[in-house]
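Next up is a structure, given as structure tokens.
So that the names make sense, note that chain A is the first sequence line, chain B the second, and so on, each numbered from 1.
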2 protein chains.
Amino acid sequence: MTETGTKTPRERYRDQVRTEVKEHAREQIATAGASALSLNAIAKRMGMSGPALYRYFASRDDLITELIRDAYRSLADTFRTTAESGTDLPGLAHALRGWALDDPQRYFLIYGTPVPGYHAPEDITGIASEIMTILLDASTGLPTDGPTTPFEVDLGAHRHWAGDHPAPPAALHRALTFWTRLHGVLSLELAGHFTGMGFDPAMLFDSELAGLAEQ
Amino acid sequence: MTETGTKTPRERYRDQVRTEVKEHAREQIATAGASALSLNAIAKRMGMSGPALYRYFASRDDLITELIRDAYRSLADTFRTTAESGTDLPGLAHALRGWALDDPQRYFLIYGTPVPGYHAPEDITGIASEIMTILLDASTGLPTDGPTTPFEVDLGAHRHWAGDHPAPPAALHRALTFWTRLHGVLSLELAGHFTGMGFDPAMLFDSELAGLAEQ
DNA sequence: CGCGTTCGTTATAAGTTGTAACTCACGCTA
DNA sequence: TAGCGTGAGTTACAACTTATAACGAACGCG
């Protein structure tokens, strides 16, 4: 952060415009979904012509990729600060839910419907593994009950996806189920599949979290 | 199938073209995602001009809604036939996974990223509750262990979402977690979030299924 | 102060969805 | 069987979209 002074006025202006474009893009995505994102509409709202935005983003997909990167970055940051403040696995879970509810479409930018051909850039997968590492750190050290399953043996053998994290196989398994179960409740809630069902999604979330703790 | 004779030739032709359009649409969606679906491209592949398709579908969204309806119908059918053949909850789970893997984009048509403004037509929510009823039927009658949680009391009180299904509160809870947990694993697998992780998604799925049984 | 980089513009190409108006042919009915 | 109406497919068009190209102007660095 000490190098901000080295930026030229043009660079600062450029960054400012880029963030403003992304703000409008986020607003537009929250309103009508990512597929309805229009560079032209953003340009008009910013008071300039359509093609001008191509000075700042190579293409529409490039802008969306940037938003996906920001989403990952944002999730990794909230995870990291939450973990650094000494909170445990349930704390991480509630941080996740709060983050997701804060901007559902941002959540779906990461965990939503994949575009068949699309492959995320290398640095994005790096952030994803950063998130996984934080989750693994929090999963380690808890008491493990029950015998080690064949699946956990398999997990212990192939842990390169965890950055070769030195967690016991049960912890790897716990982190994985933490991820899948909370995503299961959360994504259905955010997608509106529980609307009109009368029960409180937060209670179902906490119920799953409780089941996660005693396993 | 015995009532096909009551249709006029024009109706039969119309139905044939409609299904052919939907086949091309499904193929296009599987290749490049739902957002890349183009009526023009479909028309050209079928050897006719773009606007001709508007005789068969009122709009692009109308076609997509039709595909969503078909997806729900297809899932309800496989669920129903699976349940009718006497299979239990695990059988239902494997039927679900097989159905999802058979056409991932069809799964995401139902459970993928929601479009903010969109509301599914009434009949589609009807099919959704049909699916839920089958799941509730299969969830009823299993032994319930552990005390009834406050959440389950709440579920028992607001069961109109289940079509007032006469299942014990624990069964309502079981059906809900069946849904959320399997969706959690399945959606992450289908979205490719497990690729390159080295473990077998089927084992994680079965592990979750096992945890579901002993709860 | 000048010069080069960068920004924003308009023009244009090639797409898209969707409407309007016009043929034409199919098939029901008289 | 003859005719007529309905529905299918066409082209033309409007209003969008993404994206490129070429031009002018302004900004800021040396």
Side-chain angles (χ1 to χ4, degrees), chain A residues 3-29 31-68 109 115-118, chain B residues 3-68 115-118:
Chain A
E3 300 287 348
T4 10
T6 67
K7 283 188 186 293
T8 70
R10 280 218 152 121
E11 273 177 325
R12 271 184 303 180
Y13 177 74
R14 185 181 175 79
D15 288 356
Q16 180 189 327
V17 173
R18 279 177 64 94
T19 63
E20 191 178 345
V21 169
K22 289 200 277 188
E23 273 167 20
H24 281 129
R26 270 187 284 269
E27 183 188 331
Q28 202 168 314
I29 285 178
T31 306
S35 63
L37 191 150
S38 161
L39 288 186
N40 250 310
I42 293 174
K44 279 185 182 173
R45 276 200 199 174
M46 290 180 65
M48 55 183 178
S49 227
L53 292 196
Y54 286 83
R55 297 275 178 206
Y56 301 93
F57 297 94
S59 66
R60 199 189 93 116
D61 283 11
D62 193 67
L63 171 57
I64 292 181
T65 297
E66 197 92 343
L67 294 173
I68 292 175
L109 237 32
V115 179
Y118 183 79
Chain B
E3 298 290 345
T4 14
T6 67
K7 284 187 186 293
T8 69
R10 280 219 154 120
E11 273 177 326
R12 271 183 303 179
Y13 177 74
R14 184 180 175 80
D15 288 355
Q16 179 189 326
V17 173
R18 279 178 65 95
T19 63
E20 191 178 344
V21 169
K22 289 200 279 188
E23 274 167 19
H24 281 129
R26 272 188 282 269
E27 183 188 331
Q28 204 169 312
I29 285 179
T31 307
S35 63
L37 192 150
S38 161
L39 288 185
N40 249 312
I42 293 174
K44 278 184 183 172
R45 277 199 198 173
M46 291 180 64
M48 54 185 181
S49 226
L53 291 196
Y54 286 83
R55 296 275 176 202
Y56 301 94
F57 297 93
S59 67
R60 198 190 95 115
D61 283 10
D62 192 67
L63 171 57
I64 292 181
T65 297
E66 197 92 344
L67 294 173
I68 293 174
V115 178
Y118 182 80

Closest to the B/Thr8 side chain, choosing from C/dT19, C/dG8, C/dC28
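Looking only at heavy atoms from C-beta outward on B/Thr8, the closest nucleotide is C/dC28.
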Closest contact, heavy atoms only, B/His24 versus B/Ile42:
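Reported closest heavy-atom pair: CB-CG2, 3.9 Å.
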With heavy atoms under 4.0 Å as the rule, sort A/Tyr56 into base, sugar-phosphate or nothing.
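Sugar-phosphate: the residue A/Tyr56, judged by heavy atoms under 4.0 Å, touches backbone atoms but no base.
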A/Arg14 side chain N/O closer than 4.0 Å to the phosphate oxygens (OP1, OP2) of C/dC7?
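It does, given that an N or O in the side chain of A/Arg14 lies less than 4.0 Å from OP1 or OP2 of C/dC7.
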Work out which heavy atom in B/Tyr56 is nearest to a heavy atom in B/Arg18; give both atom names and the distance.
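So the minimum-distance heavy-atom pair works out to O-NH1, 2.6 Å.
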Reported OG-to-CG distance for the pair B/Ser38 and B/Asn40, which is rounded to 0.5 angstrom
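Answer rounded to 0.5 Å: 5.0 Å.
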Could you state the CZ-C1' distance from B/Arg12 to D/dA8, rounded to the nearest angstrom?
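Computing the B/Arg12:CZ to D/dA8:C1' distance gives 17 Å.
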Report the distance from atom CG of B/Asp62 to atom CZ of B/Arg60, rounding to the nearest 0.5 Å.
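One gets 12.0 Å once the value is rounded to the nearest 0.5 Å.
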Nearest heavy-atom neighbours spanning B/Leu67 and B/Ala25
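It is CD1-CB, 3.8 Å.
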Side-chain N or O of A/Tyr13 less than 4.0 angstrom from OP1 or OP2 on C/dT6?
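Looking at the OP1 and OP2 atoms of C/dT6, neither is under 4.0 Å from any side-chain N or O of A/Tyr13.
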What is the distance, to the nearest angstrom, from the CG atom on B/Leu53 to the P atom on D/dT10?
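One finds 9 Å between P of D/dT10 and CG of B/Leu53, rounded.
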Does anything in residues 36-44 of chain B reach DNA chain C, meaning a heavy atom under 4.0 Å, and if so which residues?
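Listed by number, they are B/Leu37, B/Ser38, B/Leu39, B/Asn40.
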For A/Thr31 and B/Pro116, work out which heavy atoms get closest and say how close.
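In this case the closest contact between A/Thr31 and B/Pro116 is O-CB, 3.1 Å.
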If you pin B/Met48 and B/Arg10 to their nearest nucleotides in DNA chain D, which one's is more 5'?
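Looking at the nearest nucleotide for each, B/Arg10 comes out on the 5' side.
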Give the nucleotide from the list D/dG9, C/dT9, C/dG18 with an atom nearest to the side chain of B/Ala52.
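Looking only at side-chain atoms, B/Ala52 lies closest to D/dG9.
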Counting only side-chain N and O atoms of B/Ser49, is one of them less than 4.0 Å from OP1 or OP2 of D/dT11?
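Affirmative; the distance criterion is met.
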Look at the side chain of A/Arg60 and the base of D/dT17, then say whether one donor and one acceptor between them are separated by less than 3.5 Å.
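In this structure, the two groups form no donor-acceptor pair.
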Quick one: B/Met46 CE to D/dT10 P, roughly how many Å, whole number?
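Between P of D/dT10 and CE of B/Met46: 11 Å.
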